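The structure appears below as structure tokens.
Remember, predicted model here, so these are calculated numbers, not experimental data. Here is the naming used below: chain letters follow the sequence lines, and residue numbers restart at 1 for every chain. Below, each value reflects all heavy atoms present in this structure, side chains not excepted, and no hydrogens, waters or symmetry copies.
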Amino acid sequence: MAEPTSSLTAHVRPLPGGAPVARAAFLDGAPVLAFVDGIVAIGDADAQNRVAVHPEGAILAAALDGKRLVTGGDDGVVAAGVVERIADEKGRWIDALAVRGGAVAWAAGRKVAARDEAGAVKTFSAPTTVRGLAFLPKGYRLALAHYNGVALWFPNVAAEPSTLEWKGSHLDATVSPDGRFLVTSMQENALHGWRLVDSRNMRMTGYPGKTRSLAWSHDGHWLATSGADACIVWPFKDKDGPMGKPPRECGVRSSRVTQVAFHPRALVVAIGYADGLILLCRLGDAAEILVRAPGEGPVSALCWDATGARLVFGLESGGAGILSLPA
Amino acid sequence: MTDASPEKIPVTVLTGYLGAGKTTLLNRILSEPHGKKYAVIVNEFGEIGIDNELVVGADEEVFEMNNGCICCTVRGDLIRIIEGLMKRKGRFDAIIVETTGLADPAPVAQTFFVDEDVRAAARLDAVVTVADAKWLAARLRDAPEAKNQIAFADVIILNKTDLVSPAELREVEARIRAINPYARLIPAQKCAVSIADVLDRRAFDLDRILDIEPEFLTVDEHDHDHAHGHDHGHHHDHGLKHYHDEDMQSISARLEGDLDPDKFMPWINRLTQERGPDILRCKGIVAFKNDPKRFVFQGVHMMLDGEPQREWKSGEKRESKVVFIGRDLDEDDIRKGFLACAA
């Protein structure tokens, strides 16, 4: 497929960069970049405020719910934004994070902790190291991805979590916005899914690399994924999810997709590649618009603002920028 | 692993049975004035006497890959930790992984074959095994883990030599050689070895598999007399101090002239698939018919990694050599199969 002909590159402005970008976000309308060296930068190019959230540390995990950006470091600290220190695991690496509303969950090795809006912390010891965490949309419940399956944990219930078993190493976890499906990325270049109502298994395979970026469409009908030389988008609208259906392929190029981010209001997905290119792809007709030409290494972070008017991006090389869609 | 690009972080794996002296060696490495910074992955915090901000606790979480390969186990925690350490890239020069005394080195090594991200960031440098001169012989009898660690090693530090007599030392060295004649064997007391003997060995670089002749003991004249490199298998009855380990062997085979790649590749693939669980390590340098370049390969259990390397030099004898270290290997079958690959 040819490179996209239409371009938005003139509407992109650079942001002051730094270390490799771990996560990009918008908080109170301001672009935010979390760099792997523990620095968080808030604000536009002309008024950027930089804070060492994990001084001398490295950011290993970050989670965002639109209101708060939570980071976890190899210093053992879980921090929300730049002001609130949520937990200190005494130097144990924070491997995974999830945030929803006022609740935050983090994993350090096998230990998982969940803190509710009131600040009450509950902990659980998983059978193996937890690599991925996700809040379920309904109730105070978490999915914990670990080796050979996922545990579904109610922090406020004393009972043992129920377990969804599937052999292998599960990395990231995500739950569909309607709460019907749970999907994990796996060590074996595949996704695994469960329909939660009956624990039915779904395998989504064919990736040449690991999937480490997953994004649901605003209507919850589609799951965009990285890990191939195209953005692979799985259909989750029907009751069987993607079972028996081929995925859509958006933005087919000869470079690995590293980051995906669905537009918050339209069926348009922002796709970042290993060569630094970023494009927008419309799911309906696969129309493509260029956001950023290749260069400076892999795209490592993408995030839309709440209305979908701006897209902030970060690169593994430390570069960053912001796209403002023309009105 | 194949391309040893300089920016890849070298990873040294320290193994050794309980009490052999792994932590002593680790502390020695860290306290030397080498000017380098090491990230250290350990199983037990607190044993390291050196202040090091980059000490990471691990849990040795071994899991099977879902790739239909029964012996393809990897260290999941290592994948996670190396991914995390890469976020501090530039703040350390090398990684040292200390395994528990009962660990099998294979899942650690296989992690470097299997995981694309680990492969892109780091290269396995060598498996270094610390062995206790006084107790190794007994452990080789009763602890399969100890035997695996010896068989797997690129470097063996035979520690605590001050606790045994010269005769006992020769005996334990001969027992090690019976299992693994290819590792570099270094007698030591209190793990007092040169850092250069342990780190940056490049034992897994295909470019460095230049010579797969056995390493010989400088202290054991016997081994010089019946070199394993020349058709090992016909010498078991010679010499007083030559042991044959009952279940772990090394087999080497050599063929002058060229091999037919259409015969050799299916043979080596089938052999490692069928016998993979028993083959701990293999390596070889091969002359393919009509190919000016040497083909080199190495493997861990079922995993093989190979590539054409430099050209054969003029005047250099074109020949093919393969080496297998494993359990209950059928020497005749392997030898015949290899020789049948002649072009």
Side-chain angles (χ1 to χ4, degrees), chain A residues 19-22 34-38 54 56-61 72-76 89-96 107-111 126-132 146-149 166-171 186-190 192 203 205 207-210 212 227 256 274 298 300 316, chain B residues 7 9 37 39-46 48 51-92 95 107-108 110-121 303:
Chain A
V21 179
F35 299 99
V36 296
D37 64 355
H54 302 269
E56 304 296 309
I59 289 180
L60 298 177
D74 66 357
D75 54 0
E89 295 287 350
K90 311 248 180 300
R92 301 188 63 203
W93 288 14
I94 307 300
D95 300 311
R110 281 197 289 270
K111 180 189 168 184
T128 67
T129 296
V130 171
R131 295 291 306 271
H146 51 74
Y147 296 109
N148 300 328
W166 188 261
K167 209 171 136 187
S169 172
H170 298 265
L171 307 177
M186 295 196 69
Q187 169 70 27
E188 290 89 358
N189 300 344
H192 194 81
R203 294 184 66 206
T205 58
Y207 292 87
K210 280 184 212 160
R212 298 311 302 272
R256 190 71 57 83
S300 58
E316 228 167 75
Chain B
E7 67 271 22
I9 303 287
K37 259 191 124 169
V40 186
I41 301 171
V42 296
N43 285 278
E44 309 224 333
F45 274 115
I48 296 183
D51 250 358
N52 186 324
E53 58 170 294
L54 280 175
V55 177
V56 187
D59 275 324
E60 292 205 348
E61 292 182 318
V62 173
F63 70 91
E64 268 175 54
M65 293 286 292
N66 285 327
N67 56 8
C69 161
I70 49 160
C71 56
C72 185
T73 50
V74 298
R75 283 269 305 267
D77 59 318
L78 208 53
I79 296 172
R80 172 179 63 84
I81 289 167
I82 289 176
E83 182 184 321
L85 281 175
M86 285 309 131
K87 309 212 163 152
R88 281 177 174 262
K89 213 173 169 185
R91 292 199 246 174
F92 59 94
I95 298 172
V108 182
Q110 287 174 161
T111 302
F112 290 82
F113 282 77
V114 164
D115 191 83
E116 191 189 350
D117 301 328
V118 168
R119 256 184 110 123
M303 275 168 230

### Query
Counting heavy-atom pairs under 4.5 Å to chain B, which of Ala22(A), Gly38(A), Gly57(A) comes out on top?
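Ranked by contacts with chain B, first place is Gly57(A).
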### Query
So, are Glu316(A) and Lys89(B) salt-bridged, with charged N and O less than 4.0 Å apart?
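Result for this pair is no, no salt bridge flagged.
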### Message
When you compare the side chain of Trp93(A) with that of Leu85(B), does any pair of heavy atoms fall below 4.5 Å?
### Response
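When only atoms from C-beta onward are counted, Trp93(A) and Leu85(B) do touch, with a gap below 4.5 Å.
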## Note on the structure
For Glu83(B), the side-chain hydrogen bond (donor to acceptor under 3.5 Å, both in side chains) test, sequence neighbours excluded, returns Arg131(A), Arg212(A)
Nearest 0.5 Å please: distance from the [atom1] atom of [X] over to the [atom2] atom of [Y].
X         : Y         : atom1 : atom2 : value
Glu116(B) : Lys210(A) : CD    : NZ    : 8.0 Å
Gln187(A) : Arg80(B)  : CD    : CZ    : 12.5 Å
Phe63(B)  : His146(A) : CZ    : NE2   : 13.5 Å

## Note on the structure
Pair count under 4.5 Å, heavy atoms only, with chain A: among Asp77(B), Ile79(B), Val74(B), Asp115(B), highest is Asp115(B)
### Message
Quick check against the 3.5 Å criterion: does Glu61(B) have a side-chain atom that pairs as donor or acceptor with the backbone of Thr128(A)?
### Response
no
## Note on the structure
If one checks every heavy atom of Leu171(A) against chain B at 4.5 Å, the contacting part turns out to be neither
### Message
Less than 4.5 Å to any heavy atom of chain B: does that hold for the side chain of Asn148(A), its backbone, both, or neither?
### Response
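Neither the backbone nor the side chain of Asn148(A) comes within 4.5 Å of chain B.
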### Task
From the options Asp74(A), Asp37(A), Val36(A), select the one residue that forms a side chain to side chain contact (heavy atoms under 4.5 Å, CB included) with Arg88(B).
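Running side chain to side chain contact (heavy atoms under 4.5 Å, CB included) over Asp74(A), Asp37(A), Val36(A) with Arg88(B) returns exactly one hit, Asp74(A).
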